[in-house]
Structure formats: C-alpha cells, structure tokens
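Every value quoted in this text rests on a predicted model; they were computed, and no experiment measured them. Per chain, numbering begins at 1; letters A, B, ... match sequence-line order. Note: hydrogens, waters and symmetry copies are ignored here, and every other heavy atom, side chains too, is used.
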Amino acid sequence: GAVVSQHPSWVICKSGTSVKIECRSLDFQATTMFWYRQFPKQSLMLMATSNEGSKATYEQGVEKDKFLINHASLTLSTLTVTSAHPEDSSFYICSARRLAYEQYFGPGTRLTVT
Amino acid sequence: EDQVTQSPEALRLQEGESSSLNCSYTVSGLRGLFWYRQDPGKGPEFLFTLYSAGEEKEKERLKATLTKKESFLHITAPKPEDSATYLCAVNIISEKLTFGTGTRLTIIP
C-alpha cells in the first residue's frame, strides 16, 4: 500500500512554455501533498504544501506565480511550471501524507527546459 | 536552530560487511523521525518511522534505532542491491519534513 505516482516521468519543453506535472495517490486518500525540488547530489528542498480544497502554502523564496499548485481532489495534486526557463530544469518530486506524519513519495519528474 | 546531520557522507562496504549510518538531530519537539532510501533518478522510498527514544524497527537487513539525540540505521550483511542514498528526516512543526543531506552507501560485491 501507499503508492504515489507522478506523470510524466520526464519532460523536455522550450523556454517560455508551461508544463504540468501530476501527482496521484493510488491506494489512499491524501488531504495533504507536498512538492519538492532536488538538485544533483543534494537533498530534497520543500517547495510547497498542498491541501485539498484550499490554497497551497509556499516556502520562502518559492515564486507562487511561477509554480502553480492545485489540489482538486483527495488523490490528485498538480504542479504547473509557468513560463519555464532553463534554470527551472530540475528533478521535481511529490509526496502524499498518509498516517500521522508519514510521507510517501512519487518516482519524480525530470524537467529539462531548452 | 533545528538541524539534522547525517554521517558519513559516503560509505563503501564489502558485501557482507555490517555497519551503521548516523542521523543526529538538534530539534525541539520531535514528532517523528523517518528513514528513506533513494536510488538515483527516483523518489525516496519509505523505510521506517520512529517516534520515541528507545524505539526500534526492523526490515530485512535494516534496523533503525532512536535515542533522544540521534538515530542509527544498522545494515547487517549488506548486499549490492542495498547500494543507495539513505535519507533521514524529522518532523517538527506542522506536517513538514526536514531532511538531512543523506549517506551514499555503496556495497562492493
């Protein structure tokens, strides 16, 4: 149990375009999901906390207008990178909270902006 | 300031050579400590949750322990497939996790 999926697993887009990444909890309901960013050989950096039916809470320094988060149902959260630029290229990972404070992670999405 | 420190940064072991990874924390009000395994290019895989000092959890060749200041991930008779980065995280406030920088473990056949 506690499976989280992400789609797509990798995406290449041109500078200036927008990209949407989906995160789904497949076998449990998640009122809270999280979005992380990870740079090579570094640990995970929390970008935002997404709560079902309400606005996301962004970490300091994360542009909310660039990284749009929507948590429309108990099993789906989406991250849209708007007007992407090469510096947005990264590994994006979502997680979903199940029991207490346990988070289960998706497989990640590799974004490359050319 | 709340901190989570993992050591060593990297560890190379021969197959079958047991060892321990350390996660030390200086936080107030620990609500949970978590261990994850991360393979290259993949998301972290949940291993253990520990809530109180003295607690121990086991899974196959892995055993996690917790004291008031640190947690250890013991690996017994490791195999090459145990090679990965092991991440420690703590929950302090709200539902956020604060991650350590990880230990990159390599098991040599």
Say whether [X] and [Y] are linked into one hydrophobic cluster, either directly or through other cluster members, by side-chain heavy-atom distances under 4.5 angstrom.
X: V62(A); Y: W35(A); result: yes
X: L105(B); Y: V4(B); result: yes
X: L74(A); Y: M33(A); result: no

Relative to chain B, which segment of Q6(A) carries a heavy atom at a distance below 4.5 Å: side chain, backbone, both, or neither?
neither

Quick check on Q42(A) against chain B: is it the side chain, the backbone, both or neither that has a heavy atom closer than 4.5 Å?
neither

Grouping ILVMFWY residues whenever side-chain heavy atoms fall under 4.5 Å, the cluster of F72(B) otherwise contains none

Residue, of N91(B), L87(B), T85(B), D39(B), that accumulates the most heavy atom pairs under 4.5 Å with chain A
N91(B)

Quick check for you: among M45(A), K41(A), E59(A), which has the greatest number of heavy-atom pairs under 4.5 Å with chain B?
E59(A)

Tell me whether [X] at atom [atom1] has more than 12 heavy atoms from other residues, nucleotides or ligands lying less than 6.0 Å away.
X: R31(B); atom1: CZ; answer: yes
X: E81(B); atom1: CD; answer: yes
X: K64(A); atom1: NZ; answer: no
X: H7(A); atom1: NE2; answer: no

In terms of heavy-atom contacts, S43(A) and G100(B) come closest through OG-O, 2.7 Å

Minimum heavy-atom distance F91(A)-Q38(B), with the two atoms named
CE2-NE2, 4.3 Å

For a side-chain contact (heavy atoms from CB on, under 4.5 Å) check, start with the C-alpha distance between K96(B) and T57(A), then their side-chain angles and the critical distance, and finish with the verdict.
CA-CA 11 Å; K96(B) 298 180 186 180; T57(A) 302; 5.9 Å; no

Can you tell if the side chain of S95(A) reaches within under 4.5 Å of the side chain of L97(B), non-hydrogen atoms only?
no

How far does CD of E102(A) sit from CZ of F46(B), to the nearest 0.5 angstrom?
4.0 Å

Rounded distance (nearest 0.5 Å) linking atom NZ of K42(B) with atom CD1 of I93(A):
12.5 Å

Under 4.5 Å from any heavy atom of chain A - which part of E45(B)
neither

Between F105(A) and Y36(B), ring centroids under 6.0 Å:
yes

